[in-house]
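Before any comments, here is the structure.
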Amino acid sequence: MQRLVVFSLCLVACMAMESFDGYKVLRMEVTSEEHIEIISELDFDHELDFWDFPRDLMVPPHLLEFVQFYLKSNEINHVVWIEDVQAKIDAAVSEEPHIDVDGFDYYVYHNYSEIMVWVDSIVEAYPTLASTFSVGLSHEGRDLKCLKIGIDTGKTKRAIWFNGAIHAREWVSPATVMWMTNALLSNHTTGTDEDVTFLLESFDMYILPVMNPDGYEYSWTTNRMWRKTRTHHPGDLCYGTDPNRNFDYMWGGLGASNVSCASTYRGPHALSEVEVKNVVEFIRQQSQSQTFRLFIDYHSYSQMMLSTWGHTYDLPPDYDLMEEHMKIHTEAIHDAFGANYTYGPGSRILYPVSGGSRDWGYGDRGIPYSYTIELRDTGEHGFLLPEDQIYETAFENYRGLIAGLLHIEATPVRAQRHV
Ligand code: 0X9
Ligand code: ZN
């Protein structure tokens, strides 16, 4: 019923949605450092949108001729990868409203308020295993509502953290976080999976399904391709800071822009975004009484598991441990349906990022296994992953999480932390 109401509201709200008619995504053949430099200079006035820098670029119709001419004259090959972004937006969500008959529908995307109802329903369904807490409010006053799940053993347990939707348009991220949370709880409750029971006894799991609720809501009501927060800082030309450039560890270095209109805007200062500040404060506070072993910030897209560092090309001191863990985690993902997730340090296998969540987890908090995971796909649909891929994305990542956690639990904590 609830979805029916949402659908009717959408008929009104969706009319105000920005249109991406005629927008295309180009895939470029990037084969040298020089290509990256040339491509970086293309977006001088921030009218373009890198879906996956430096390879996939969304171009509005009025700039297409210019961009294609620029690429040709610089001898950079490209193909039109997505013909019409608006057509993809329309195709990614099912046309029919989903009326819930058997409770929550995990196989469609949900807006912020539906997700908040889901959080409460999880506690109702699993009162001895799950509880809610809030790390505070977003800039526009939305609750940063979290779940804590685990089996109470009466002892101080180690902790893990994972979150979704730090970037607004990456809708498969909260969908995956919700599915995995439910799977952990229901597989333990039905007694079908001893590993899950063991893990819920070993760890307290702190889960924030939507870390950037203002941006997420905006991506539902106004601009499907919105990425950043919705703040407007004094003196800035544009709205929005990239929360994944706003953490207070190595803030403002490589791969973070000081221009407010850029999609990777770092904000006027570290922790200028209250959503980031609230998460940082919660984990700092909680890590005084519990040791965090794993931190995962779920994004899309490109099927990657990225470790530290982002802010430098150097390898972190514990990279051997991370590599071992990422191999196990991504092999378990692969075993589910054959999807390949590449892994390695973010700066080397993707691009440098400073002020990112994962560097903060390892660098500031000393969480030994701290990652960004880029979910499906590898670009066919990009951020507009059809709903019929939610199940496989979530299931394979659940398998990765379980296998990885079993490995972490069996691996002694390194006596001397290097950070
Ligand atoms: O740019 C980002 O914040 C992440 N990619 S996304 O398309 N989801 O926005 C990647 C962060 C990964 N870290 C590094 N590349 N170092
Ligand atoms: Zn992202």
Side-chain angles (χ1 to χ4, degrees), residues 25 27 30 36 40 43 48-58 81 162-177 208-212 215-216 219 224-229 240-247 249-257 262-267 273 275-276 279 295-316 319 322 326 341-363 370-379 381-385 393 397:
V25 177
R27 173 156 289 190
V30 186
I36 299 181
S40 308
D43 189 29
L48 303 168
D49 182 0
F50 280 103
W51 277 25
D52 185 11
F53 181 83
R55 206 177 50 162
D56 295 347
L57 178 66
M58 182 170 77
W81 195 245
F162 57 93
N163 68 269
I166 192 173
H167 286 147
R169 62 190 174 185
E170 299 165 9
W171 286 6
V172 73
S173 151
T176 297
V177 165
L208 173 55
V210 185
M211 178 159 169
N212 172 14
Y216 189 68
S219 75
R224 175 63 185 89
M225 300 320 304
W226 192 259
R227 161 186 170 92
K228 303 190 282 180
T229 59
T241 292
D242 184 347
N244 202 29
R245 304 290 185 280
N246 194 244
F247 284 74
Y249 184 79
M250 297 293 167
W251 177 85
L254 282 181
S257 175
S263 60
T264 58
Y265 179 43
R266 65 193 188 187
E273 306 314 290
E275 299 81 3
V276 177
V279 167
F295 174 103
I296 304 180
D297 181 11
Y298 284 98
H299 291 244
S300 70
Y301 61 96
S302 63
Q303 297 180 192
M304 286 179 172
M305 184 165 191
L306 304 167
S307 68
T308 51
W309 293 115
H311 72 278
T312 166
Y313 294 104
D314 295 344
L315 282 182
Y319 186 68
M322 299 172 197
M326 288 193 285
Y341 282 57
T342 45
Y343 63 87
S347 55
R348 293 190 185 193
I349 71 163
L350 196 54
Y351 44 75
V353 163
S354 297
S357 59
R358 173 205 53 219
D359 277 16
W360 177 85
Y362 180 69
S370 184
Y371 304 106
T372 310
I373 291 187
E374 299 280 1
L375 300 166
R376 288 192 187 196
D377 56 10
T378 54
H381 305 287
F383 302 116
L384 305 169
L385 193 72
T393 307
N397 276 279

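Each ligand, and each atom within it, is numbered from 1 in the order the structure gives.
For the pair Ser300 (side chain) and Leu375 (backbone), a donor-acceptor distance under 3.5 Å is absent. Distance alone, capped at 3.5 Å, places no donor-acceptor pair between the Thr241 side chain and the Thr229 backbone.
Residue-level contacts of ligand 1 at the 4.0 Å heavy-atom threshold are His167, Glu170, Arg227, Asn244, Arg245, His299, Ser300, Leu306, Gly310, Gly346, Ser347, Leu350, Tyr351, Val353, Arg358, Glu374.
The nearest N/O/S atom of His167 to the Zn ion (ligand 2) is ND1. The N, O or S atom of His299 lying closest to the Zn ion (ligand 2) is ND1.
Distance check, rounded to the nearest 0.5 Å: OH of Tyr301 to NE2 of His381 gives 12.0 Å. We find the CG-NZ distance between Asn244 and Lys228 to be 13.5 Å, quoted to the nearest 0.5 Å.
You'll find the side chain of Leu350 reaches within 4.5 Å of the side chain of Glu374, heavy atoms only.
One of the N, O or S atoms belonging to Glu170 lies under 2.8 Å away from the Zn ion (ligand 2).
In this model, no donor atom of one side chain and acceptor atom of the other lie less than 3.5 Å apart for Arg245 and Thr264.
For the residue pair Tyr351 and Asp52, the shortest heavy atom distance occurs at CE2-OD1, 4.4 Å.
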